[in-house]
Structures are given as C-alpha cells and as structure tokens.
Number of protein chains: 2
Amino acid sequence: MNGFNCSIVLMGATGDLTKRKLIPALYKLLADGLLDSFVIIGTGRELATVETIFAAAEKFVANRVDDIWQRLKAHFIYVKLDFYTPADYKILKNVLELAEEEKKLSGNRLFFLATMPEHFATITEQLAMHEIVQKREHGQLCGDKLCSWQRVIYEKPFGKDLASAQQINQKIAEVFCEQQAYRIDHYLGKELVANIAVIRFSNAILEPLWNTVFIESVNITLAETVSVESRGAFYDQYGALKDVVQNHMLQLLALVAMEPPKELSGEAIRDAKVLVLKKTAVSDVFLGQYQGYLTEKDVNPESKTETFAAVRLSIDTERWRGVPFFLKTGKALSKKETRIDIVFRKSTHLRTQFSGEANVLTITIEPDEGFSLKLNGKAVGSNATMPVVMNFYHSAFLGPNTPQAYEVLIADALRGDQSVFVRFDEIEESWKIIDAIDRERIELNHYEKGSQGPKAFEAWMNKQFTDWVK
Amino acid sequence: MNGFNCSIVLMGATGDLTKRKLIPALYKLLADGLLDSFVIIGTGRELATVETIFAAAEKFVANRVDDIWQRLKAHFIYVKLDFYTPADYKILKNVLELAEEEKKLSGNRLFFLATMPEHFATITEQLAMHEIVQKREHGQLCGDKLCSWQRVIYEKPFGKDLASAQQINQKIAEVFCEQQAYRIDHYLGKELVANIAVIRFSNAILEPLWNTVFIESVNITLAETVSVESRGAFYDQYGALKDVVQNHMLQLLALVAMEPPKELSGEAIRDAKVLVLKKTAVSDVFLGQYQGYLTEKDVNPESKTETFAAVRLSIDTERWRGVPFFLKTGKALSKKETRIDIVFRKSTHLRTQFSGEANVLTITIEPDEGFSLKLNGKAVGSNATMPVVMNFYHSAFLGPNTPQAYEVLIADALRGDQSVFVRFDEIEESWKIIDAIDRERIELNHYEKGSQGPKAFEAWMNKQFTDWVK
C-alpha cells in the first residue's frame with residue numbers, strides 16, 4: 001500500500017493530547033509507511049518550538065527508532081496561532097501553501113482540533129473564511145480532476161451540552177459538507193469496541209441470551225488512576241459526566257444495547273445506536289470528588305465539579321425493560337480499567353441446590369483488551385460449585401504491533417472512512433441523556449485519592465439493587 | 001474422619017484391573033487414612049503370591065511412599081480360588097474369618113468382582129451359598145446392634161447383552177438386597193462426569209441453549225492409543241460396542257441428554273438417565289478393526305470383533321428431536337482422549353457477514369479434565385472473525401491429590417453410598433440400545449494402528465451429515 005500524500009494540521013499542538021496520543025500515532029503511521037509525501041503543522045497559542053513539542057512527546061512513543069523520529073521531526077512545522085485572531089489563520093494558510101508547494105503535496109488536508117469544544121465553532125468558521133478548508137462534496141471535480149480532500153477531526157467532547165453541540169454543528173453544516181466532518185470518540189478506534197459487535201452477533205449462543213429474560217444487569221466501568229493533572233482548566237468546566245459518560249460510556253452502552261443492525265456497516269450500526277440512545281434515560285445518579293481536587297492547577301478552589309460519577313440508566317425497549325445499566329467512572333481511583341460486565345440472571349434450575357454465582361460475560365478494554373466468561377464448575381470432592389473464569393486476551397494475540405486507537409482513527413480519516421466516527425444524531429441523543437441530570441441538586445461525596453471511590457457509593461449501589469428488584 | 005474397619009476381597013487379583021487400578025486405589029485410601037483396621041484378600045486361579053501381585057502393581061502407584069506400600073502389603077493375603085470350585089469358597093471363608101478374628105475386624109465385607117461378567121452369577125451364588133455374603137437390609141439389626149455390612153461391587157460390563165444382564169441381576173436379587181449390589185461404571189467416579197450436571201444446571205446461560213433449537217449435534221469421543229494388550233480373551237468376546245459404548249459412552253450421553261432431574265441426588269439423576277435412554281435409538285453404525293488385531297494374544301485369528309465403533313443415535317424427545325448424537329471410540333488410535341463436543345447451530349444474525357465458526361462447548365474427561373468454550377472474536381484490523389477457545393482445566397486446580405475414579409468409587413461403596421453406581425434399569429436400557437445393532441451385517445473396516453481410524457470413516461461421517469440436514 002502506498003502512503004498518503006497530505007498535510008496534517010494539529011490545532012492545539014502544545015496540549016496534552018498531542019504529546020500523549022497524536023504524535024505517537026503519527027510516528028506509528030510514518031513507521032508503517034502510511035505517510036509518504038507529507039507535512040505536519042502544529043499550532044498553539046504558546047511560544048513553542050518543534051524541539052519542545054517533540055521532547056514532551058518522546059516518552060509516549062513506544063519502541064522509538066531514532067531514524068523515523070528524526071524524519072517525523074523534519075516534517076513538522078510549528079505555527080503560533082490564537083484561535084480568535086484572524087491574522088494568525090492567514091499565517092497558517094501561507095505556511096501551509098508554502099510547504100505544500102515546496103514538498104509538491106496534493107492539497108489534501110486533515111485538521112485535528114485537539115482543543116476544548118468551546119473553540120470548535122470559531123475555528124471551523126475561521127478555517128472556512130480563510131479558505132483553508134473549502135466546502136467540497138465527496139468526489140467533486142476541480143476542473144477535470146477530483147478535488148483534493150479537506151477534512152476536519154473534532155476531538156470529544158463535542159460541545160458541553162445539547163445546545164452548544166447543536167451550535168457547533170450548525171456552524172459545520174454551514175461551511176462544510178457532512179463528509180468533511182469527523183467527530184471523534186477514540187474508544188471507537190479500539191479494536192475491542194469493534195469487537196463487541198462481532199462477539200454479540202457471530203456467537204450464536206450469545207444473541208438468544210441478550211435480553212431481559214436472561215440478563216440481570218449491565219455494568220460499564222471506566223476507572224482511572226490519574227487525577228486531572230494538567231487538564232484542570234478543561235476538566236473543571238466539564239467533570240466526569242461530560243468528559244467520559246456522555247461520549248465513551250454511552251457509546252459502549254449503545255454498542256451493547258442496540259438492536260442488531262441491518263448489516264455491520266458504519267451507517268447501519270450508527271442507526272441502531274441512535275435508536276437505542278433515544279430510548280435510554282437516567283434513573284439515578286451518584287457523584288463524587290476526590291480530596292485535593294480543589295487545589296489542583298487551574299481548578300476553581302470552590303469547584304463542585306464531579307470527578308466520580310455513577311449513573312443508573314434504563315432502556316425502554318422490549319429487549320431491555322427491567323434491566324438496569326450502571327455506568328461508573330472516576331479519576332484518582334485505585335485501579336485503571338475499562339470493562340463491561342454483563343451479569344446474567346441466576347439459574348432457576350434446581351436453584352436450592354446450587355449456591356453458584358451468576359454467569360458473567362466481561363469485555364475488558366483497558367488495560368488488557370479481551371473478554372472472559374465466568375461460569376460455574378464443580379468443586380472437587382463435593383457437589384458445591386466454584387466459579388470458573390475463562391479468559392481470552394486479545395492483546396496476547398496481537399503483540400507489540402496492535403494498532404492504537406488514534407492511529408486507526410487518523411488513518412481512517414486519511415482514507416475518508418467515517419464509519420467509526422460519531423454521527424451528530426448520536427451526539428444529540430447522548431447530550432439529551434446527560435442534560436437531564438440536574439448536577440446542582442445531587443450531593444457530592446468526597447473520596448480519598450487512590451481509593452475505590454466515595455464510601456457512600458456502596459450504600460447507593462445497594463439501594464439501587466433494592467429499588468430495582470422491587 | 002476415622003478410617004474404615006473392614007475386609008476387602010478382590011475377585012480377580014491377578015488381573016489387569018487389580019494391578020492397574022485397584023491396588024493403586026487401595027494404596028491411596030490407606031495413605032489418606034481411610035483404611036484403619038482392615039485386611040485385603042486377593043483371589044485368583046493362578047499360583048500367585050503377594051510379592052508377584054505387588055511387583056506387577058508397583059509402577060502404577062504414583063508418588064509411592066515405601067512405608068505405606070509395605071503396610072498395604074502386610075495386610076494383603078492371596079488365596080487361590082477357582083470361581084467354579086465350591087471348596088475354594090470354603091477356604092476363602094476360613095481365611096476371611098481367621099483374619100477378621102486376628103485383626104479384631106467388624107465383619108464389614110466389600111467384594112470387588114474384577115472378573116469377566118460371565119462369572120458374576122456363579123460368584124454371586126457361591127458367596128451367598130457359603131454365607132460369605134449374607135442378605136442384609138440396610139440398617140438391619142443383629143441382636144441389639146446394627147449388623148455389619150456386606151457389599152459386592154460388579155465391574156463393567158454387566159453382562160454381554162440384555163438377556164445375560166437380566167440373568168445376573170436375577171441371581172443378585174435372589175440372594176442379596178439391592179442395597180448390597182454396586183454396579184460400577186468407573187466413568188461415573190470421575191469428577192468431570194459429576195461435573196457435567198453442575199455445568200449444565202448451575203450455569204443459567206447454558207440451560208436455555210440446551211436443546212434442538214440451539215444445538216446442532218453432540219459428539220462423544222472415547223479414543224485409546226492402547227491395543228487390546230493382555231485383555232484379548234475378554235475383548236475378543238465383547239468388542240468396542242460392549243466394552244465401552246454400552247456403558248461409559250451411553251452414560252455420558254445420558255448425562256448430557258437427560259431432562260433436569262428433580263433434584264441432584266443419585267436416585268433422581270438415575271431416574272432422569274433411564275428416561276432418556278428409553279427414548280434413545282441407534283440410527284447408523286460404523287465398525288472397524290485395527291490391522292494386527294487378529295494376531296494379538298488370546299484373539300481368534302478369524303475374529304470379526306470391532307476395535308473401532310461409531311454410532312449415530314437419535315433421541316425422541318421434544319428437547320432433542322433433530323439432533324444427532326455421535327459416539328465414536330477405538331483402540332490403537334493416534335491419540336488418547338475422552339471428550340464431549342456440544343456443537344451449537346451457527347448464528348443466523350447477519351449471517352452473510354460472518355464466516356464465523358460454530359460455537360462449541362467441549363467437556364474433556366481424558367487426558368485433562370476440564371471444559372472449554374469455542375467462541376468467535378474479531379480478527380485484528382478487519383471485520384473477519386477468528387475462533388477463540390477459552391479453556392478451563394479442572395486438573396490444573398487439583399494438583400497431584402485429585403481423587404482418581406476407583407478410589408472414589410471404593411470409598412463410596414465402603415460408605416454405603418450408591419449414588420454414583422449404576423442402577424439395573426439403566427443397564428437394561430443401555431443393552432436394549434446396543435442389542436438392536438446387528439453386528440453381523442455391518443462391514444468391518446480395517447485401519448492402521450496409530451492412525452485416526454478407518455479411511456472410510458470420513459465418508460461415513462459426511463454421509464451422516466448429508467442425511468441429517470435433508
């Protein structure tokens with residue numbers, strides 16, 4: 001396969017995402033031969049240099065080969081740009097055109113908006129106004145040739161609520177075609193998330209069980225050990241519900257809960273996800289904040305922002321009526337993991353004789369990608385049961401070359417494949433679910449860093465259980 | 001727990017079973033402290049000694065501690081006895097009574113008939129006639145105390161057909177109580193076979209799938225690498241169908257196919273097994289014989305006895321109508337294994353998109369006890385599926401102290417627990433199934449030792465498949 005001929009512009013090149021994820025992803029694309037003739041332009045408000053940006057990113061690049069690293073650096077240009085200063089966009093345009101001319105590039109341009117969503121509308125508008133990104137239909141002709149493509153990736157969260165998301169989207173719709181907009185949720189780039197659909201639909205023994213008759217609850221956990229670190233300014237405005245529940249976690253819920261799509265195409269899956277999100281509503285919420293959050297850099301010392309959230313949702317469909325979905329997330333917890341536990345109802349057969357545990361299908365996404373099934377076996381020398389966990393770790397089969405999420409997503413955008421990006425109606429439905437939560441009226445429970453969350457959480461979960469079996 | 005106070009008499013002490021299984025099992029019971037005050041009497045037609053018997057058994061005892069081995073030997077007496085010579089039983093009775101007096105034993109007596117079934121009726125009759133084993137109800141009083149117990153274990157096969165089995169059983173019923181008769185199928189002593197019921201009934205996700213809607217076929221394999229070895233005289237009269245299909249394999253079939261028993265007691269499980277065996281019938285049979293069988297020791301050089309058998313059965317119940325059960329067994333094959341493969345029907349969801357393999361639940365009994373589930377996962381970097389086998393090996397959890405079949409069964413008989421022994425109605429139903437096969441009219445396909453069986457077998461299986469999807 002030949003590499004791409006393109007320019008890639010990172011808006012927010014001095015930020016956390018660029019150093020942790022985007023530069024490592026671009027490095028990998030280059031190492032894999034996917035970048036052929038190219039330039040990368042990083043922009044930021046700060047006075048930065050290619051050296052400082054690469055020095056910050058270096059430790060996040062696994063198995064770094066210096067030769068490739070130096071090549072990537074040689075193709076990188078830093079441009080100081082303030083999102084709200086039109087003159088800065090002119091400079092960007094000049095730099096871009098010069099580089100494209102010098103390197104004989106095609107004019108294909110991919111923009112990655114690694115910024116806070118409040119800037120999305122302005123950046124979109126400015127890119128269009130200066131004709132840095134031009135509105136182009138897929139397959140549009142420029143003279144007698146296909147036009148070069150120009151695409152924009154929007155990092156999550158897309159807005160901070162339904163209204164702001166609609167505002168951003170309206171701006172995009174005004175100046176670009178839908179085919180040029182790539183709303184990212186990097187969880188969708190993880191192999192394992194794509195795997196959920198395969199696990200569900202290619203295993204004949206699972207689909208008949210995938211409903212309220214056999215499933216007691218679905219539990220989705222996204223636990224982090226890190227605190228807000230350098231993301232205080234962003235995080236304090238958003239909190240756990242908007243940072244991960246609205247996007248990653250509702251996406252995971254939708255993939256588990258959707259009706260079988262007509263086919264396994266991106267569009268059909270997104271149709272199915274939207275339908276189930278429309279039927280999903282919050283039943284109860286528990287919030288927490290870790291001790292010490294108020295003294296974090298760029299955090300309001302009186303902040304009420306939650307760093308821990310648990311949400312119980314119900315889905316009003318034939319398939320899921322009576323099955324609670326629990327989403328739980330938090331920062332500064334004792335363990336980093338993202339997992340989905342599908343807990344089956346206990347056996348009614350010979351119930352009195354078995355104290356056996358419930359069967360559980362677990363799909364793990366982090367730190368190890370895989371899935372496992374908890375069954376009951378016979379304890380040796382007695383008729384008692386013992387739980388037996390059968391594991392399959394995807395990563396064990398993949399080795400060091402497993403494609404990482406951003407690498408997959410950037411490659412898809414370069415290819416023009418929107419199937420693992422999020423459609424706007426999904427975002428709308430997700431915001432409706434989250435906007436219905438009145439955060440002001442929910443108590444904030446404090447917890448120690450490195451703990452399993454607020455002490456009151458256990459009582460809340462027990463109450464949920466009691467409520468729902470009533 | 002205190003050890004037992006008893007006499008154990010092995011009828012057939014110079015045979016294969018005694019050296020391979022019974023002495024090792026008795027060694028283990030002694031090592032585990034289950035034999036307290038005891039004597040073991042071995043009988044055989046040959047001029048043998050305790051030394052020769054123990055020398056032959058030595059290599060079959062794992063982790064042998066010499067101290068315990070010597071103790072076992074010191075409690076062992078050999079008595080020459082011809083099953084058809086009444087005077088020999090008198091000698092046995094004298095030796096037994098002397099030993100019991102000398103060692104101050106209780107008079108509890110366990111007989112193990114490790115002989116060919118053609119001798120069962122005579123031995124039973126002689127033991128009764130000489131009052132070596134007396135007819136005693138469970139809990140019967142001798143004076144003002146409980147009588148000592150006297151029990152007889154019958155090795156499989158129980159008879160060589162329905163008529164002979166009924167004859168033996170009639171003799172037993174004449175002279176003993178049913179509670180004194182222990183018909184052994186050592187497969188039932190294996191933890192994993194007991195585990196089948198637990199796997200089925202304690203896992204809520206399996207029972208809903210356990211029927212013709214979701215299961216395509218059930219395949220039970222019992223493959224041996226050994227040839228007939230020193231068992232030629234026995235084997236040539238019986239063959240694979242009577243040696244293992246009628247007992248072990250139909251027992252496995254019954255455990256997989258039975259309706260859920262009322263409770264997990266021995267009686268309820270046996271009731272359920274009998275019911276399903278009554279509905280089970282042979283649809284087709286394939287037979288084979290390994291090359292070189294005719295020159296084995298004690299084998300008729302023109303023998304038509306099968307050493308390989310495959311049987312397709314159907315079960316006429318709501319649950320199993322339309323699901324073929326295949327039993328396959330053979331000697332001198334390339335691999336030793338006993339396993340049950342429950343093959344689920346393929347997914348009908350999005351069928352055209354998945355070339356995924358059928359889900360399979362495999363219960364392995366030999367060489368490793370365990371179970372595994374074959375599911376489909378997503379192949380990396382594509383939407384294709386890849387088979388994923390999740391294994392659980394029971395033995396990995398057990399270590400070197402796993403109780404072996406005969407050890408469990410002898411301990412159960414000493415305790416008076418008949419639940420893992422075979423009830424006569426099960427044996428009757430099994431013989432009816434096997435007796436319906438007209439071996440004379442079935443072609444005998446030859447195969448090389450160490451191969452996977454006759455070459456024609458594959459074509460037979462393909463034909464079965466074609467027949468049954470019609």
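All values derive from a computational prediction rather than experimental measurement. Within every chain, numbering begins at 1; the chains are lettered A, B, ... in the order of the sequence lines, protein sequences first and strands thereafter.
Interface remark: B/Asn359 contributes side-chain atoms only to the contact with chain A (heavy atom separation under 4.5 Å). B/Leu209 touches chain A through its side chain: at least one heavy atom from C-beta onward sits under 4.5 Å away, while N, CA, C and O do not. Proximity to chain A involves both the backbone and the side chain of B/Leu373, based on heavy atoms less than 4.5 angstrom apart.
Side-chain atoms of B/Arg339 do not come within 3.5 Å of backbone N or O of B/Glu366 as any donor-acceptor pair. Remark: side-chain polar atoms of A/Trp210 are not paired, donor with acceptor, to backbone N or O of A/Arg319 under 3.5 angstrom.
Counted by atom type alone, B/Ser217 and B/Asn219 present one or more donor-acceptor pairs between their side chains at under 3.5 Å.
Listed options A/Val389, A/Asn203, A/Leu361 were ranked by heavy-atom pairs under 4.5 angstrom with chain B; first place goes to A/Asn203.
For the side-chain contact (heavy atoms from CB on, under 4.5 Å) test, residues two or more places apart in sequence or in another chain that qualify with A/Ala254 are A/Lys273, A/Val276, A/Leu277.
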